[in-house]
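Keep in mind that the numbers below use all heavy atoms, side chains included, and drop hydrogens, waters and symmetry copies.
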Amino acid sequence: KWNFQLAPYAWLAGQNGKVATLPPLPPADIDVDFYDDILGNINGAIMLVGEARKGRYGVVVDIAYNDIEAEASTSGPLFSSVESRTKSWIVSAAGLYRLVEKERAFLDVVGGIRYWSVESKLSLEAGLLPARKISNEEDWVDPLVGLKGLTPIGESKFFVSGALAIGGFGVGSDFMWDANVNLGYQWTEGFATTFGYRYLDVDYEEDDFLYDVAQDGLVLGLSWRF
């Protein structure tokens with residue numbers, strides 16, 4: 001029979017990396033640590049995972065939207081400071097195949113695609129040059145492959161889950177990798193909560209658009225199986 005899972009989650013993600021400014025000027029450095037002032041920098045976030053499975057086969061969809069605003073830095077005296085705002089939609093769809101299943105533990109292989117839509121806005125304050133506002137928007141699709149799994153901790157209701165995916169390979173981004181690990185508690189047969197950490201790194205460059213950014217931070221999740 002078919003089994004389904006819905007899992008909304010909150011990802012308190014900081015950002016570190018580089019985004020393009022005005023060619024040929026150097027890119028701006030983005031540095032927002034999730035443990036510093038991330039709640040003050042998040043303007044909005046929507047995140048949800050849905051999964052359907054029958055036997056060894058299944059499909060999974062992961063939707064994540066982030067709107068993060070922060071101060072950035074740019075080298076040289078041309079501009080005194082930079083304020084960045086990045087809105088991103090990351091939508092993944094993949095097929096699953098269960099490699100191993102033993103009691104409550106399992107390991108799945110994952111293969112699919114990830115759609116990115118990134119809007120980057122920079123406000124450059126006047127230095128030697130007058131103030132400028134720059135807006136760039138780009139979307140692309142990455143292939144991805146990976147593994148995800150879960151194992152209980154002894155006979156308790158606690159469990160450890162995690163996933164690793166790599167992709168891009170020059171098709172969309174040059175390279176992308178995404179990893180997470182979580183500690184969970186199975187309250188009932190169908191309901192669980194998780195607490196963990198996720199790291200996502202992508203390097204994409206096309207013409208004058210540059211988005212070489214890593215996002216990382218704490219993840220809080222709920223899960224319903226039915």
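- Cluster annotation: Phe106 is not connected to Val49 through the hydrophobic network of ILVMFWY side chains, with a link wherever side-chain heavy atoms come within less than 4.5 Å.
- For the salt bridge (Lys or Arg N to Asp or Glu O under 4.0 Å) condition, the pairs that include at least one residue of residues 111-122, sequence neighbours left out, are Arg114-Asp178, Glu119-Lys121.
- Legend: ring pair (Phe, Tyr, Trp, His ring centres under 6.0 Å) pairs involving residues 110-129, not counting sequence neighbours, sorted by first then second residue: Trp116-Trp140.
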In residues 161-173, what donor-acceptor pairs under 3.5 Å come from side-chain atoms, sequence neighbours left out?
{"from": "Ser173", "atom 1": "OG", "to": "Asp142", "atom 2": "OD1", "distance (Å)": "3.2"}
{"from": "Ser173", "atom 1": "OG", "to": "Asp142", "atom 2": "OD2", "distance (Å)": "2.8"}

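- Following chains of ILVMFWY side-chain contacts shorter than 4.5 Å, one cannot reach Val181 starting from Phe159, and the two form parts of different hydrophobic clusters.
- Under the 4.5 Å side-chain heavy-atom criterion for ILVMFWY residues, a single connected hydrophobic cluster contains both Phe226 and Trp2.
- Between Asp216 and Asn16, the closest side-chain pair of non-hydrogen atoms falls below 4.5 Å.
- Expressed to the nearest 0.5 Å, how far CG of Leu183 lies from OG1 of Thr193 amounts to 8.5 Å.
- Between the CD atom in Gln215 and the OG1 atom in Thr86 there is a gap of 8.0 Å [rounded to 0.5 Å].
- A donor and an acceptor atom, one from each side chain of Glu138 and Tyr211, are nowhere located under 3.5 Å apart.
- The salt bridge (Lys or Arg N to Asp or Glu O under 4.0 Å) analysis of residues 3-17, with sequence neighbours excluded, yields no pairs.
- Ser117 is linked by a side-chain hydrogen bond (donor to acceptor under 3.5 Å, both in side chains) to nothing, counting only residues two or more places apart in sequence or in another chain.
- Annotation: ring pair (Phe, Tyr, Trp, His ring centres under 6.0 Å) contacts of Tyr199 (sequence neighbours excluded): Trp177.
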Could you pull out every donor-acceptor pair under 3.5 Å between side chains of residues 3-10 and any protein atom, sequence neighbours left out?
{"from": "Gln5", "atom 1": "OE1", "to": "Arg225", "atom 2": "NH2", "distance (Å)": "3.1"}
{"from": "Gln5", "atom 1": "NE2", "to": "Ser223", "atom 2": "OG", "distance (Å)": "2.6"}
{"from": "Tyr9", "atom 1": "OH", "to": "Asp62", "atom 2": "OD1", "distance (Å)": "2.9"}
{"from": "Tyr9", "atom 1": "OH", "to": "Arg198", "atom 2": "NH1", "distance (Å)": "3.1"}

Would you mind writing out the side-chain donor-acceptor pairs for residues 149-156 within the sub-3.5 Å range, not counting sequence neighbours?
{"from": "Ser156", "atom 1": "OG", "to": "Ile153", "atom 2": "O", "distance (Å)": "2.7"}
{"from": "Ser156", "atom 1": "OG", "to": "Phe158", "atom 2": "N", "distance (Å)": "3.2"}

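- In the hydrophobic clustering of this structure, Tyr65 groups with Val61; members are Ile, Leu, Val, Met, Phe, Trp, Tyr whose side-chain heavy atoms approach within less than 4.5 Å, directly or through other members.
- Put simply, the side chain of Ile46 does not reach to within 4.5 Å of the side chain of Leu48, judged on heavy atoms.
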task = Please step through side chain to side chain contact (heavy atoms under 4.5 Å, CB included) for the pair Trp11 and Asn66, ending with a clear verdict.
result = CA-CA 9 Å; Trp11 183 21; Asn66 274 303; 4.1 Å; yes

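- Remark: Glu51 engages Arg53, Lys148 in a salt bridge (Lys or Arg N to Asp or Glu O under 4.0 Å) (not counting sequence neighbours).
- When the side chain to side chain contact (heavy atoms under 4.5 Å, CB included) test is applied to Val109, the partners found at least two apart in sequence or on another chain are Tyr97, Leu99, Leu147.
- With rounding to the nearest 0.5 Å, the separation of OH in Tyr204 from CG in Leu210 is 11.0 Å.
- Under the side chain to side chain contact (heavy atoms under 4.5 Å, CB included) criterion, Asp174 pairs with Asp203, not counting sequence neighbours.
- Within the structure, every pair that satisfies the salt bridge (Lys or Arg N to Asp or Glu O under 4.0 Å) test and touches residues 88-101, not counting sequence neighbours, is listed here: Arg98-Glu101, Arg98-Asp108.
- Both Phe191 and Val160 are assigned to one and the same hydrophobic cluster, defined by single-linkage of ILVMFWY side chains at heavy-atom distances under 4.5 Å.
- Annotation: side chain of Val213 is in contact with side chain of Val19 (closest heavy-atom distance under 4.5 Å).
- With a 6.0 Å radius and a threshold of 12 heavy atoms from other residues, nucleotides or ligands, Tyr185 has its OH atom above the threshold.
- Pairing each heavy atom of Ala214 with each of Asp201, the nearest pair is CB-OD2, 3.6 Å.
- Here the shortest heavy-atom pairing between Asn182 and Tyr197 reads OD1-N, 4.3 Å.
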